[in-house]
Amino acid sequence: MGFLFSFFKKLKEQKEQKELQSKDELDYKRQYVRLNRDVGVLSNEIPGYKTVTRDISLGGARIEVSKPIPKGKIIDIKLELETGKTVSLKAEVVWIKEVEYLKKYEVGLKFIYDNPTQQQQIEKYILYVIETQSNWYKNIE
């Protein structure tokens with residue numbers, strides 16, 4: 001009987017941990033407004049050295065890569081913004097998901113800002129995209 005109790009207790013703990021992990025990922029995903037933009041991402045730690053974002057926010061980005069990058073890894077990246085500017089910063093891999101039919105991986109990156117200038121450059125870029133390529137602010141009466 002002790003074995004069954006331990007087995008079910010372990011299952012319950014695993015389920016609770018998975019729910020907490022999902023909640024953490026959901027909190028991270030919803031923290032900032034995300035823009036569906038293809039921004040160039042360069043890094044020696046990305047398979048093939050270069051990829052593009054699938055979406056980007058002030059907090060991070062979702063990229064697509066051909067090989068997995070370990071969760072928790074801190075990587076150096078350079079973002080090539082549409083404005084012609086580049087931003088160099090660090091990012092943490094906070095989640096990874098295999099996309100089987102594409103034989104690729106989606107990776108969630110959380111930006112790590114070493115100085116306020118990095119964050120300001122990304123914020124300016126996001127504002128630029130919203131102001132130049134969206135009409136949402138013109139419809140307010």
Side-chain angles (χ1 to χ4, degrees), residues 2-141:
F3 170 77
L4 283 177
F5 177 75
S6 296
F7 176 76
F8 286 115
K9 183 179 177 186
K10 186 174 183 178
L11 281 178
K12 183 180 175 187
E13 289 171 353
Q14 288 174 343
K15 182 181 175 189
E16 288 171 352
Q17 183 161 355
K18 189 173 183 179
E19 288 172 356
L20 284 175
Q21 182 179 2
S22 295
K23 183 183 179 313
D24 288 345
E25 289 174 3
L26 184 62
D27 289 345
Y28 169 72
K29 288 180 184 178
R30 307 232 187 262
Q31 191 172 4
Y32 298 101
V33 174
R34 292 191 170 268
L35 301 174
N36 293 326
R37 304 304 292 180
D38 293 341
V39 174
V41 181
L42 304 172
S43 175
N44 290 330
E45 298 163 274
I46 291 175
Y49 181 68
K50 184 174 184 172
T51 189
V52 294
T53 63
R54 292 296 167 225
D55 61 46
I56 188 168
S57 75
L58 193 56
R62 177 172 50 111
I63 62 171
E64 203 171 83
V65 294
S66 60
K67 295 180 182 172
I69 303 171
K71 184 177 172 183
K73 183 172 177 99
I74 307 292
I75 61 175
D76 291 312
I77 62 171
K78 183 185 278 190
L79 300 173
E80 297 178 315
L81 306 177
E82 295 166 59
T83 57
K85 296 188 180 206
T86 59
V87 181
S88 297
L89 67 154
K90 293 183 184 308
E92 177 185 0
V93 175
V94 291
W95 59 267
I96 184 162
K97 179 173 73 171
E98 184 175 6
V99 183
E100 291 182 31
Y101 68 94
L102 293 175
K103 297 184 179 177
K104 293 190 176 198
Y105 297 85
E106 288 186 335
V107 175
L109 299 177
K110 180 181 179 183
F111 297 148
I112 300 170
Y113 298 111
D114 293 330
N115 61 63
T117 305
Q118 295 167 323
Q119 186 172 350
Q120 289 167 357
Q121 288 176 312
I122 294 174
E123 188 172 12
K124 284 179 184 177
Y125 167 71
I126 290 170
L127 290 172
Y128 164 80
V129 171
I130 290 171
E131 290 175 357
T132 60
Q133 300 179 15
S134 173
N135 291 325
W136 69 270
Y137 61 92
K138 293 180 182 174
N139 295 327
I140 299 173
E141 295 180 11

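Heads up: numbering here begins at 1 and tracks the sequence.
Taking the side chain as every heavy atom from C-beta outward, Ile130 and Leu35 approach each other to under 4.5 Å. Between Glu80 and Lys50, the closest side-chain pair of non-hydrogen atoms falls below 4.5 Å.
When all heavy atoms of Ser57 and Arg34 are compared, the closest pair comes out as CB-CG, 3.9 Å. For the pair Ile69 and Lys73, the tightest heavy-atom approach, listed with the atom from each and the gap, is CG2-CD, 3.9 Å. The minimum heavy-atom distance between Tyr105 and Pro68, with the atom names listed, is CE1-CD, 3.4 Å. The minimum heavy-atom distance between Leu109 and Ala91, with the atom names listed, is CB-CB, 4.0 Å. The two atoms that bring Glu45 and Ile74 nearest to each other are OE2-O, 3.7 Å, heavy atoms only. The two atoms that bring Thr53 and Asp38 nearest to each other are O-OD1, 3.1 Å, heavy atoms only.
The one candidate from Leu81, Val39, Thr117, Ile77 that meets the side-chain contact (heavy atoms from CB on, under 4.5 Å) condition with Val87 is Leu81.
In this structure, Thr51 contributes its side chain and Glu64 its backbone to a donor-acceptor pair below 3.5 Å. In this structure a side-chain-to-backbone donor-acceptor pair under 3.5 Å is present from Ser43 to Asp76. Gln119 contributes no side-chain N or O that, together with a main-chain N or O of Pro116, makes up a donor-acceptor pair within less than 3.5 Å.
For Lys97 and Glu106, the salt-bridge test passes: some basic side-chain N is under 4.0 Å from an acidic carboxylate O. Salt bridge Arg37/Glu82: present, at least one basic N to carboxylate O contact under 4.0 Å.
Here the CG atom belonging to Asp55 is positioned 4.5 Å from the CZ atom belonging to Arg62, to the nearest 0.5 angstrom.
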